[in-house]
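Here the structure is a predicted model, which is why all the values come from computation and not from measurement.
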Amino acid sequence: MKQILVFLILFGAFLKPNYLYAQSNTDSIQDKSEVFAYVEQMPSFKGGEKKLIEFISQNVKYPEEAKEIGIQGTVFLSFIVDETGSLTQPKILKSIHPLLDKEALRVFNLMPKWISGKQNGKPVKVKMCLPVKFKLD
């Protein structure tokens, strides 16, 4: 019987945003709708990286049909952590199969609020990328 191994691949320091910093003057944050890629204090899952991995591992249910046909790979999700720590605008950046995409989005939608990112001491929106690897052993 194949054992299921689901884990998170982390890039850089915790999670890697997927596009470049968008503000030229960091001394004043004027546009509340502006979304950053890099900020002085990046958003984080409450409890840190270890708790994020635990949360995903405990909540992912490998789709039976995907197991039966041997589908595995890494689904890449982008999303925004807003000023309140809420997760918004989830989007599949790289799809492996609709079954795995759907499961990654389902677990994403279960996530609690994060600790928001900050620029110049003020909470801001930050775009993030979360790769979730599905592997059958």
Side-chain angles (χ1 to χ4, degrees):
M1 183 167 140
K2 294 182 178 180
Q3 292 184 349
I4 301 168
L5 190 57
V6 180
F7 63 97
L8 187 67
I9 301 174
L10 301 174
F11 292 98
F14 194 49
L15 295 175
K16 181 180 178 183
N18 67 342
Y19 69 97
L20 297 177
Y21 188 73
Q23 181 161 334
S24 59
N25 182 0
T26 59
D27 292 333
S28 65
I29 300 170
Q30 299 172 2
D31 185 359
K32 291 275 186 191
S33 66
E34 185 161 16
V35 178
F36 294 82
Y38 296 102
V39 290
E40 294 167 353
Q41 182 182 339
M42 293 299 287
S44 60
F45 188 84
K46 291 179 183 171
E49 180 181 327
K50 183 178 177 183
K51 289 292 183 185
L52 175 59
I53 293 168
E54 283 177 21
F55 177 86
I56 292 173
S57 296
Q58 290 172 358
N59 287 284
V60 166
K61 296 175 184 157
Y62 213 116
E64 285 301 318
E65 188 179 342
K67 282 196 267 185
E68 289 170 10
I69 56 180
I71 301 169
Q72 53 185 351
T74 304
V75 175
F76 290 84
L77 292 167
S78 74
F79 59 98
I80 293 174
V81 180
D82 73 12
E83 301 91 341
T84 68
S86 294
L87 307 180
T88 64
Q89 301 178 32
K91 180 182 174 186
I92 300 293
L93 291 177
K94 182 181 176 216
S95 172
I96 298 302
H97 188 279
L99 290 169
L100 299 183
D101 299 347
K102 183 177 177 182
E103 180 59 13
L105 282 170
R106 186 191 69 79
V107 173
F108 171 83
N109 287 318
L110 295 174
M111 276 194 211
K113 285 187 173 186
W114 286 31
I115 299 167
S116 62
K118 292 184 181 176
Q119 185 68 17
N120 296 325
K122 297 179 183 176
V124 293
K125 294 177 185 174
V126 181
K127 190 163 189 176
M128 307 290 287
C129 179
L130 178 70
V132 181
K133 186 169 185 176
F134 293 84
K135 183 174 180 175
L136 295 169
D137 285 331

Query raised in the report: Angle class for the Phe55/Phe45 ring planes (parallel below 30°, perpendicular above 60°, tilted otherwise)?
Result: tilted

Requested in this report: Indicate the atoms forming the closest heavy-atom contact of Val75 with Ala104, along with that distance.
Outcome: CG1-CB, 3.9 Å

Query raised in the report: Is there side-chain contact between Met111 and Ile56, with at least one heavy-atom pair below 4.5 Å?
Result: yes

Report task. Take Met128 and Leu130, measure what side-chain contact (heavy atoms from CB on, under 4.5 Å) needs, and give me the verdict at the end. Result -> CA-CA 7 Å; Met128 307 290 287; Leu130 178 70; over 6 Å; no

Query raised in the report: Linking I/L/V/M/F/W/Y whenever any side-chain heavy atoms sit under 4.5 Å apart, do Leu110 and Val81 land together?
Result: yes

Report task. Could you tell me the separation between the NZ atom of Lys94 and the CG atom of Asp101, rounded to the nearest 0.5 Å? Result -> 10.5 Å

**Report entry** Exercise: identify the closest heavy-atom pair between Ala66 and Leu99
**Finding:** N-CD1, 3.8 Å

Query - Side-chain (Glu103) to main-chain (Tyr62) donor-acceptor, under 3.5 angstrom - result: no

Query raised in the report: Can you name the side chain to side chain contact (heavy atoms under 4.5 Å, CB included) partners of Lys102, sequence neighbours left out?
Result: none

Query raised in the report: For the side chain of Gln72 and the backbone of Leu136, is there at least one donor-acceptor N/O pair under 3.5 Å apart?
Result: yes

Report summary line: CE (Met42) and CD1 (Ile115) are apart, to the nearest 0.5 Å, by 13.0 Å

Report task. Drop me the distance from Phe134's CZ to Ile71's CD1, to the nearest 0.5 angstrom. Result -> 11.0 Å

Report task. Please round to the nearest 0.5 Å and tell me the distance separating atom CD of Gln119 and atom CD of Glu34. Result -> 9.5 Å

**Report entry** Glu83 vs Ser116 side-chain heavy atoms within contact, under 4.5 Å
**Finding:** no

Report task. Please name all residues satisfying side chain to side chain contact (heavy atoms under 4.5 Å, CB included) with Asp82, sequence neighbours left out, ordered by chain then number. Result -> Thr84, Ser86, Thr88, Lys125

Report summary line: Applying salt bridge (charged side-chain N to carboxylate O under 4.0 Å, His left out) to Lys113 and not counting sequence neighbours gives none

Requested in this report: Please test Val39 against Lys118 for side-chain contact (heavy atoms from CB on, under 4.5 Å), starting from the C-alpha separation and ending with a verdict.
Outcome: CA-CA 6 Å; Val39 290; Lys118 292 184 181 176; over 6 Å; no

Report task. Might you point out which heavy atoms bring Gly73 and Ile96 nearest each other, and give the distance in Å? Result -> C-CG1, 3.8 Å

Report task. For Val126 and Gly117, work out which heavy atoms get closest and say how close. Result -> CG2-CA, 4.3 Å

Query raised in the report: Hey, are the side chains of Leu77 and Leu93 touching, using non-hydrogen atoms and a 4.5 Å cut-off?
Result: no

Query raised in the report: If you round to the nearest 0.5 Å, how far is CZ of Phe76 from NZ of Lys91?
Result: 14.5 Å

Query raised in the report: Rounded to the nearest 0.5 Å, how far does CD of Gln89 lie from NZ of Lys127?
Result: 7.5 Å

Report task. Using the six-membered ring wherever Trp is involved, compare the ring planes of Phe79 and Phe108 and label them parallel, tilted or perpendicular (cut-offs 30° and 60°). Result -> tilted

